[in-house]
Number of protein chains: 2
Amino acid sequence: MTVPRMTPPTAVSATATSGTWPAAPTMMASALAPPECGHHAPLLLHPIVRKLAAFGPLSAAEEEALADLGAGAQCVEGRQNLVTEGAAPDHAVLIVEGVACRYRHRPNGARQITGHLLPGDLCDPDLVHLGRMNHSIGTLGPCRVARVPGEVLAGLTARHPGIARALRLAKLAEEETTREWLMNVGCRSAIERVAHLLCELHARLGTVGWATRAGYDLPLTQQDIADTAGLSNVHVNRVLRQLRLMRLVEVGGRRVDVLDRAGLRRVAEFQDGYLRPTGA
Amino acid sequence: MTVPRMTPPTAVSATATSGTWPAAPTMMASALAPPECGHHAPLLLHPIVRKLAAFGPLSAAEEEALADLGAGAQCVEGRQNLVTEGAAPDHAVLIVEGVACRYRHRPNGARQITGHLLPGDLCDPDLVHLGRMNHSIGTLGPCRVARVPGEVLAGLTARHPGIARALRLAKLAEEETTREWLMNVGCRSAIERVAHLLCELHARLGTVGWATRAGYDLPLTQQDIADTAGLSNVHVNRVLRQLRLMRLVEVGGRRVDVLDRAGLRRVAEFQDGYLRPTGA
DNA sequence: TTTCCGGACTATCATTTGTTATATTGCTTG
DNA sequence: CAAGCAATATAACAAATGATAGTCCGGAAA
């Protein structure tokens with residue numbers, strides 16, 4: 001059977017200035033290679049290495065151990081559950097490629113997405129404490145994911161203090177992100193919410209090499225954005241049109257083109273500090 | 001949409017004002033004997049003992065060690081900051097009595113409350129990881145709070161595995177609660193949001209002995225509820241009147257009288273499972 | 001190719017919620 | 001006691017957002 005893959009990041013146009021943006025297109029292209037041949041590629045190409053390295057220095061052995069986590073990654077189509085509400089998983093899930101989310105449904109069918117899982121995200125790092133999940137985790141677009149048994153994870157953190165520390169900081173960042181979403185939904189207007197969401201995705205995908213300064217590929221439908229921001233799909237459409245008319249960002253065809261990053265951030269009041277908590 | 005209307009950020013008061021506590025007597029009268037009235041009182045009267053014991057068995061030594069945390073508690077008036085955004089605290093804060101919250105302001109003055117801190121709540125148990133806070137913590141009504149130095153906390157968890165485990169579960173419960181709030185604000189109607197909030201407070205205060213089946217004392221203003229639920233104060237007033245007319249709950253005079261607990265929970269679709277995660 | 005279908009898009013209308021303004025109440029303070 | 005302040009209450013109006021319905025488009029399947 002055919003296995004769905006993510007659209008690879010589009011090559012940067014010749015006019016694009018490198019600037020301060022971390023990702024290089026050639027690196028991203030090779031990141032798409034199957035994980036089996038990954039031992040020749042720089043370890044930083046593995047999204048989880050890139051993500052955790054941003055929280056503090058990792059030893060070479062730690063980077064290698066992290067990269068190994070993605071070795072057995074499998075392809076999953078969009079709209080599939082990875083972990084279902086009520087289950088008591090004995091493994092964590094590492095997103096190697098694609099976008100997944102945490103979500104829950106109300107009895108009336110309404111869905112609320114409570115978190116996005118992007119390449120390099122590991123959930124849940126402390127599943128040992130968790131009896132049964134009270135929300136589900138599912139893919140939004142096609143993904144490559146690796147299941148990490150609890151014992152493997154425990155051994156990893158026991159042996160590598162740098163990884164343990166980075167995972168704690170990553171967890172903290174996730175908590176802060178949830179609070180930021182609450183801020184978003186609780187007291188920002190529709191256009192501000194959507195703008196903020198697009199900024200956040202830009203920043204997060206950027207640190208793992210899946211976004212350029214010009215934009216990023218995004219498998220979310222307008223309904224997915226609506227369920228994230230607490231809006232209706234129709235209103236999300238209205239807001240996206242407005243953002244397009246304001247020459248800030250164009251969203252369509254599973255692609256987000258950021259025309260005016262500064263302007264978008266201004267509308268969203270976006271401050272990216274919450275994504276990078278610093279250790280004490 | 002939301003226009004400047006808020007009271008300015010509360011003035012910071014690093015000085016722990018001790019002594020007077022305006023509304024104290026009435027709060028204590030119905031529910032419990034005052035927890036501070038002595039070393040002779042059963043340890044379960046200490047809210048943090050009650051709260052953590054709900055997550056799993058604690059040894060007598062552990063209960064005693066926990067009860068000691070509240071020994072040096074000081075009185076703080078309402079509307080005072082305990083920790084201010086941008087600070088890098090070296091201590092955790094234990095709420096012994098009263099209600100506090102995590103919150104942030106938007107530049108336009110709008111405030112979003114992202115969490116409630118009730119008696120027995122300890123924040124943040126893992127402050128070691130935290131560089132600077134990107135939200136503030138402040139009292140909503142008069143409180144008694146104890147500051148717990150990081151070293152004390154570290155020693156406590158190192159020496160008492162039962163406490164360490166309970167604190168981890170409590171942290172997990174807090175995360176689940178934040179997600180539940182996101183669900184609330186993101187996809188429930190105004191009346192459902194307020195009903196859900198009242199149910200949650202009832203359940204949480206109940207486990208630490210500050211609520212009876214009939215209701216509980218609550219120092220929140222309607223504006224505070226509004227800032228929690230992502231509504232305007234006027235609309236909160238409308239909703240509270242509706243809940244009163246439906247004979248579900250009466251809120252007023254710093255008091256919540258629950259007339260029909262089952263009915264209120266039905267309106268809110270309240271499931272309290274998220275408050276008590278089970279260990280694996 | 002044609003058909004089918006999900007997603008994007010738009011228009012119109014309905015409704016919830018926010019805004020502004022003004023009393024009122026109760027408590028604190030002078 | 002009166003004055004002042006904060007919180008509550010309510011009304012009238014405005015704005016933001018949701019609901020419904022339908023078209024259009026592009027990719028997948030027959």
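So that the names make sense, note that chain A is the first sequence line, chain B the second, and so on, each numbered from 1. Atoms considered below: every heavy atom in the structure, side chains included; atoms not considered: hydrogens, waters and symmetry mates.
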Query raised in the report: In this structure, which one of B:Q112, B:H116, B:R193, B:Q223 forms a side-chain contact (heavy atoms from CB on, under 4.5 Å) with B:T228?
Result: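 Checked B:Q112, B:H116, B:R193, B:Q223 against B:T228; only one passes side-chain contact (heavy atoms from CB on, under 4.5 Å): B:H116.
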Query raised in the report: Rounded to the nearest 0.5 Å, what separation is found between the CH2 atom of B:W181 and the OG1 atom of B:T114?
Result: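 It comes to 7.0 Å.
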Over how many whole Å does the gap from [X] atom [atom1] to [N] atom [atom2] extend?
X: A:H235; N: C:dT17; atom1: NE2; atom2: P; answer: 14 Å
X: B:R79; N: D:dC5; atom1: CZ; atom2: P; answer: 18 Å
X: B:L231; N: D:dT17; atom1: CG; atom2: P; answer: 14 Å

**Report entry** Helical bend (five base pairs per end, nearest 10°) for the helix from C:dT1-D:dA30 to C:dG30-D:dC1
**Finding:**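 Roughly 40°, once rounded to the nearest ten degrees.
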Query raised in the report: Have A:H135 and A:R102 got a donor and an acceptor in their side chains that come within less than 3.5 Å?
Result: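 Looking only at side-chain atoms, A:R102 and A:H135 do form a donor-acceptor pair, the distance falling under 3.5 Å.
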Query raised in the report: Is the closest side-chain donor-acceptor distance between A:E175 and A:Y274 under 3.5 Å?
Result: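 No.
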Query raised in the report: Is the CD atom of A:Q80 crowded by more than 12 outside heavy atoms at less than 6.0 Å?
Result: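 Yes, enclosed.
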So, [X] and [Y], do they make that salt bridge, N to O below 4.0 Å?
X: B:R204; Y: B:D272; value: no
X: A:R244; Y: A:D257; value: no
X: B:E180; Y: A:R104; value: yes

**Report entry** Which residues share a ring pair (Phe, Tyr, Trp, His ring centres under 6.0 Å) with B:H196, sequence neighbours left out
**Finding:**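 Expected list: B:F270.
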Polar atom pairs between nucleotides 8-14 of chain D and protein, under 3.5 Å, N or O only, would you list them?
residue : atom : partner : partner atom : Å
D:dT8   : OP2  : B:Q222  : N            : 2.9
D:dA9   : OP2  : B:Q222  : NE2          : 2.6
D:dA9   : OP2  : B:N237  : ND2          : 3.1

Query raised in the report: Side chains of B:E192 and A:R106: does their closest heavy-atom pair fall under 4.5 Å?
Result: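 Of all side-chain heavy-atom pairs linking A:R106 with B:E192, at least one is under 4.5 Å.
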**Report entry** Side-chain heavy-atom pair A:L240, A:V249 within 4.5 angstrom cut-off
**Finding:**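 No, side chains not in contact.
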Query raised in the report: For B:R254, which residues count as a side chain to side chain contact (heavy atoms under 4.5 Å, CB included) partner, sequence neighbours excluded?
Result: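 B:R254: side chain to side chain contact (heavy atoms under 4.5 Å, CB included) contacts with B:T221.
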Produce the list of close N/O pairs, under 3.5 Å, pairing protein atoms with atoms of nucleotides 22-25 of chain C; give distances to one decimal.
none

Query raised in the report: Base, sugar-phosphate, or nothing for B:G78, non-hydrogen atoms under 4.0 angstrom?
Result: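 Nothing, no nucleic acid heavy atom in range.
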Requested in this report: Residues of residues 179-196 of chain B with any non-hydrogen atom less than 4.0 angstrom from an atom of DNA chain D: list those, numerically ordered, please.
Outcome: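 Heavy-atom contacts with DNA chain D come from no residue of residues 179-196 of chain B; none.
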**Report entry** Backbone of A:A100 reached by a side-chain donor or acceptor of A:T139 within 3.5 Å
**Finding:**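 Checked: no pair found.
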